Each structure stands twice: as structure tokens, then as C-alpha cells.
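Quick note on labels: first sequence line is chain A, next is B, and so on, each numbered from 1. Keep in mind that what you see is a predicted model, and the values were worked out from it rather than measured.
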Protein chains: 2
Amino acid sequence: MPEIDVKDLIVDSATKFFSKYGFHKTTMDEIAKNIHKAKGVIYYYFRSKEELFREVLKKELDNVKTELSKIISSNEDYMTIIKQYFLTRLKLLSTAVNYHETLKADFFEKYNFVKDVRDDFAAYEYKQLLWLFTKGEKDGHLTINNMKSTVNVVMMLLSSIEFPLYLQNKYSEYESTIDELVTMITVSLRGMQK
Amino acid sequence: MPEIDVKDLIVDSATKFFSKYGFHKTTMDEIAKNIHKAKGVIYYYFRSKEELFREVLKKELDNVKTELSKIISSNEDYMTIIKQYFLTRLKLLSTAVNYHETLKADFFEKYNFVKDVRDDFAAYEYKQLLWLFTKGEKDGHLTINNMKSTVNVVMMLLSSIEFPLYLQNKYSEYESTIDELVTMITVSLRGMQK
DNA sequence: TATTTGACTATTATAGTTTTTTGGTCAGAT
DNA sequence: ATCTGACCAAAAAACTATAATAGTCAAATA
């Protein structure tokens with residue numbers, strides 16, 4: 001019975017290398033060597049390199065989910081929460097480099113093995129936004145006529161700006177514009193009507 | 001003294017092949033052969049393959065500019081014009097495949113030789129939106145506190161959704177969502193205030 | 001029993017070489 | 001002024017040889 005879980009050690013080591021060199025340039029051997037183990041032991045805990053990468057990505061996104069959930073359940077006033085949600089969402093994902101890699105991969109090979117993890121994050125976000133907007137309308141902060149399509153639009157928007165922000169590294173360049181954008185979104189949520 | 005301008009013939013032929021096969025897979029020889037000319041003649045009218053491609057791209061974008069200008073100067077009511085501008089902008093560019101190629105290239109080599117053409121289009125759009133929004137505010141249709149940053153946000157938005165729409169071919173999938181998005185933008189332009 | 005090792009293999013990626021294609025030139029023809 | 005096609009240097013593609021790596025597994029360890 002080991003003191004520290006070897007599986008965690010592996011994931012940490014993998015995170016280090018995947019983050020620095022990416023999926024393809026990282027070798028299973030260096031991940032193992034880094035924690036003074038033989039390569040074989042990784043396969044005792046993970047079926048494949050792809051599954052290991054998926055685990056790393058999952059942790060990355062789970063971290064974002066955790067932070068976003070904190071914001072949503074905080075007791076700030078409603079409009080602050082909703083603004084903070086967007087800003088934090090964009091900021092935290094800007095450091096999720098393995099997530100960026102899967103985004104970039106959409107243009108070439110496609111990392112199909114991470115589809116479920118990404119779908120899970122999208123499902124999480126859909127749920128949160130749906131709840132947030134529904135609450136906002138009930139409490140009179142927002143005016144939304146079609147709830148589901150509004151959530152879809154916002155999600156399309158969020159995923160669209162990921163390309164310039166994360167793949168073209170315009171996050172810092174756009175930082176002030178992001179703030180404007182978020183303001184714009186909240187304004188339109190507040191004022192939407194037939 | 002030729003009946004039809006050979007330069008135009010070349011551009012048309014080039015458009016045909018660039019649109020079908022892209023910049024790299026198109027050869028100067030097939031462009032020339034297609035109009036029963038020798039390759040050399042292209043170099044009488046154009047300095048290089050890159051310049052020829054730039055011409056093709058320019059025509060593609062000039063066409064969009066023309067259509068957008070028509071909309072702006074039409075005598076529909078203001079909110080119709082502004083909605084129509086966005087929808088048409090996104091729709092027309094969805095068929096501009098050579099433009100798509102330059103977008104995609106941003107992730108690899110970069111087609112630096114088309115920078116000026118793209119900058120020109122961006123400058124055109126900035127000018128149009130600035131004029132449109134300024135007019136909209138003067139006539140009481142819009143409420144905008146920072147004109148320039150509003151134009152910048154809208155432009156960031158437009159260029160961001162180009163990635164999923166044109167590079168991941170989600171235009172048809174997103175068509176209804178685009179409509180919602182445009183509505184959302186107009187709502188926020190109408191209702192923006194400190 | 002649960003975990004770890006490292007030699008082993010089949011596959012894939014990389015480096016190096018040769019061959020082919022292609023962008024661009026130009027002297028001469030129309 | 002416009003066009004041709006042979007020509008060249010450079011780049012791309014095809015091909016081969018070599019090295020690196022993902023994944024396996026029988027045996028060792030604890």
C-alpha cells in the first residue's frame with residue numbers, strides 16, 4: 001500500500017510533459033522516468049497513451065468546472081455572478097494548454113479519444129447556463145424569450161472566441177475587448193425581447 | 001488589341017483552380033493551359049503566383065464589400081439594415097473559399113502576401129460599422145457609450161465565429177443560431193448603457 | 001496478490017537521398 | 001505589346017534506411 005498513489009504521480013508527470021511538449025512530442029518513457037518508474041507501470045494503470053492524455057485533460061477541465069461552480073454558488077449579486085462566470089471561464093481556459101491542443105487538433109487529425117471529456121464539459125456548461133439564465137429570469141434580472149436557444153447562442157459565442165484567444169494567442173491583446181464583450185452579452189440578456 | 005482582357009481571363013481561370021484545389025495544389029501551368037495560353041504569359045500580367053492569388057482574393061472580398069455597401073445604402077428601416085448587414089456578411093463570406101484558405105493558413109505558415117487585402121477588408125468593415133453605429137445613435141436607434149470599442153467588440157465577434165462557420169463547416173448547422181446571435185447583437189446595441 | 005521491471009516487438013516517425021514537379025526567367029517569335 | 005516554350009534553380013514528392021516509440025508480457029519484487 002503506497003504512501004502516495006502512483007496513479008496520481010503518473011498523471012502529474014504526464015501533465016508536466018503534455019503541457020510542455022504536447023501529446024505527440026511526449027513519450028511514455030519520459031513520463032515514467034520522471035517519476036523513477038519503468039514505462040510498463042503506466043500500462044498497469046492506463047490502457048494507452050490516449051487514455052492517459054484524456055485523464056490529464058479531464059483534470060484540467062474539472063478544475064475549471066470547480067472554479068465556475070464556486071462562482072455560481074457564491075452570494076454575490078446576480079449580475080456580478082453572471083459577468084464573473086464569463087470572465088473566469090475565458091481566463092481559466094486560457095491556461096489550459098492541453099485543452100488548446102485538442103482545439104487545434106480539430107483542424108487536422110481530430111483527437112477523437114477526448115470527445116467524451118469535451119462533451120462532458122459542454123454538457124456541464126449548458127446545464128449551468130440554463131440554470132443561471134432561468135434563475136435570472138425568474139428573479140427579474142433577465143428577459144429571455146427562448147431559453148434554450150439563448151443558451152446555445154451564448155455557448156456558440158464562447159466556443160468561437162476560443163480560436164483567436166487560445167490558438168492565436170490573442171488573449172492579452174483582446175483582454176479589454178473581452179470585458180466589453182461580456183458586458184455586451186449581459187446587456188443583451190437583460191434586454192432581450194420579441 | 002484583344003477583344004477580352006487576357007488579365008481577366010487569367011484571374012477567372014485562377015479563381016476556378018484556386019477555389020477547387022487551393023493555393024498550393026494549383027499550378028501556374030494548369031491555370032494557363034485552361035485558357036489555351038503558355039504559362040509565361042501569366043508572368044507578363046502578374047509578378048508571381050502569390051500576387052495572382054491576392055488578386056483572386058481581392059475580387060472575392062470586393063464582391064462582399066459591394067453587396068454590403070448596397071445594403072447599407074438601401075432605404076430599409078435602420079434595424080433591418082443592421083440585421084441584414086450581419087447576416088449577409090456571414091452568408092457571403094461562407095462561400096468565399098479562398099478567404100477561408102487564408103484563415104486556415106493563420107494556424108500554419110501564414111499567407112503574409114495577402115495581409116494587405118485582408119487588412120483592407122477589415123478597414124472597410126470598421127469604417128462601415130462606425131458610420132452605421134454613429135448614425136444609429138444619432139437617430140436614437142442605438143445607445144452606445146464607447147463607439148470605438150463597441151465597433152471593436154463587434155468586429156472581434158464577427159471574425160471569431162468565422163472559425164467554426166467556415167473552417168469547421170458549421171455554417172448550415174449554426175444557421176438558426178446565427179440568426180439568434182445577430183438578434184442578440186442588435187439587442188445589446190440598442191440597449192447598451194453604463 | 002498487487003505492483004513493478006525491462007527486454008522485446010510491431011508500428012510509426014524521422015532523417016537522408018533521389019526523382020519529379022513547379023515557379024519563375026528570358027531570348028526570340030508574332 | 002503580347003505571347004511562346006525551352007530552360008533553370010528550387011521546392012515538393014516519392015522512396016529508402018534508420019531510429020524512436022507505444023504497447024506487451026514473463027518474470028521479479030514486495
Side-chain angles (χ1 to χ4, degrees), chain A residues 1-57 98 101-102 104-105 107-114, chain B residues 1-57 98 101-102 104-105 107-114:
Chain A
M1 195 202 314
E3 274 296 314
I4 24 164
D5 196 354
V6 173
K7 195 172 179 181
D8 288 342
L9 272 180
I10 294 170
V11 173
D12 288 348
S13 180
T15 301
K16 178 178 167 182
F17 288 101
F18 283 144
S19 301
K20 189 162 187 180
Y21 302 116
F23 180 75
H24 290 295
K25 294 278 186 185
T26 296
T27 69
M28 295 299 260
D29 204 49
E30 60 187 340
I31 292 171
K33 287 267 173 60
N34 182 241
I35 51 173
H36 310 289
K37 299 268 168 184
K39 183 175 60 164
V41 79
I42 299 180
Y43 290 91
Y44 180 77
Y45 294 96
F46 298 92
R47 297 173 110 84
S48 66
K49 190 185 184 184
E50 296 189 348
E51 191 181 297
L52 178 54
F53 184 83
R54 224 181 42 206
E55 193 60 33
V56 169
L57 179 67
N98 294 295
E101 186 175 349
T102 68
K104 186 157 193 177
F107 295 114
F108 323 77
E109 333 115 285
K110 299 247 179 204
Y111 288 4
N112 290 316
F113 52 95
V114 296
Chain B
M1 196 198 315
E3 274 295 315
I4 24 164
D5 195 355
V6 173
K7 195 172 180 180
D8 288 342
L9 274 180
I10 294 170
V11 173
D12 288 349
S13 180
T15 301
K16 178 178 167 182
F17 288 101
F18 284 143
S19 300
K20 190 162 185 180
Y21 302 116
F23 179 75
H24 290 295
K25 295 276 187 186
T26 295
T27 69
M28 295 300 262
D29 204 49
E30 60 186 340
I31 292 172
K33 286 267 173 59
N34 181 241
I35 52 173
H36 311 289
K37 299 269 166 178
K39 182 175 63 164
V41 79
I42 299 181
Y43 290 91
Y44 181 77
Y45 294 97
F46 298 93
R47 298 174 110 83
S48 64
K49 189 184 183 185
E50 296 189 348
E51 190 182 296
L52 178 54
F53 183 83
R54 224 182 41 208
E55 194 60 32
V56 169
L57 179 66
N98 294 295
E101 186 175 349
T102 69
K104 186 158 192 175
F107 294 114
F108 322 78
E109 334 115 283
K110 299 246 178 204
Y111 287 5
N112 291 315
F113 53 96
V114 296

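Put simply, B:Tyr43 has a side-chain N or O that comes within less than 4.0 Å of OP1 or OP2 on C:dG24. Phosphate contact (OP1/OP2 of C:dT4, side-chain N/O of A:Tyr44, threshold under 4.0 Å): absent.
The side chain of B:Lys37 lies closest to D:dT4, out of D:dT4, D:dG23, C:dT4. Among the nucleotides C:dG24, C:dT3, D:dT4, the one closest to any side-chain atom of A:Tyr45 is C:dT3. The side chain of B:Thr27 sits closest to C:dT22 out of C:dT5, C:dT22, D:dA22. For A:Ala38, the side-chain atoms get nearest to C:dG6 when compared with the rest of C:dG6, C:dG24, D:dG5.
Rounded to whole Å, atom P of C:dT4 lies 12 Å from atom CZ of A:Phe46. Rounded to whole Å, atom C1' of C:dT3 lies 14 Å from atom CD1 of A:Ile42. Atom CG in B:Asp29 sits roughly 14 Å away from atom C1' in C:dT20 (whole-Å rounding). The distance between atom CZ of B:Phe53 and atom C1' of C:dG23, rounded to the nearest whole Å, is 16 Å. A straight line from CE of A:Met28 to C1' of C:dT12 spans 15 Å, rounded to a whole angstrom.
Atom CZ of B:Arg54 and atom CD of B:Glu51 lie 5.5 Å apart (nearest 0.5 Å).
In this structure, B:Phe23 has its ring center under 6.0 Å from that of B:Phe113.
Positionally, the nearest nucleotide of DNA chain C for A:Gly40 lies more toward the 5' end than for the other of A:His24 and A:Gly40.
A cation-pi arrangement, defined by a distance under 6.0 Å to the six-membered ring centre and an angle within 45 degrees of its axis, is present between B:Lys7 and B:Phe46.
Counting distance only, with no hydrogens placed and no angle test, the side-chain atoms of B:Lys39 and the base atoms of D:dG5 include no donor-acceptor pair under 3.5 Å.
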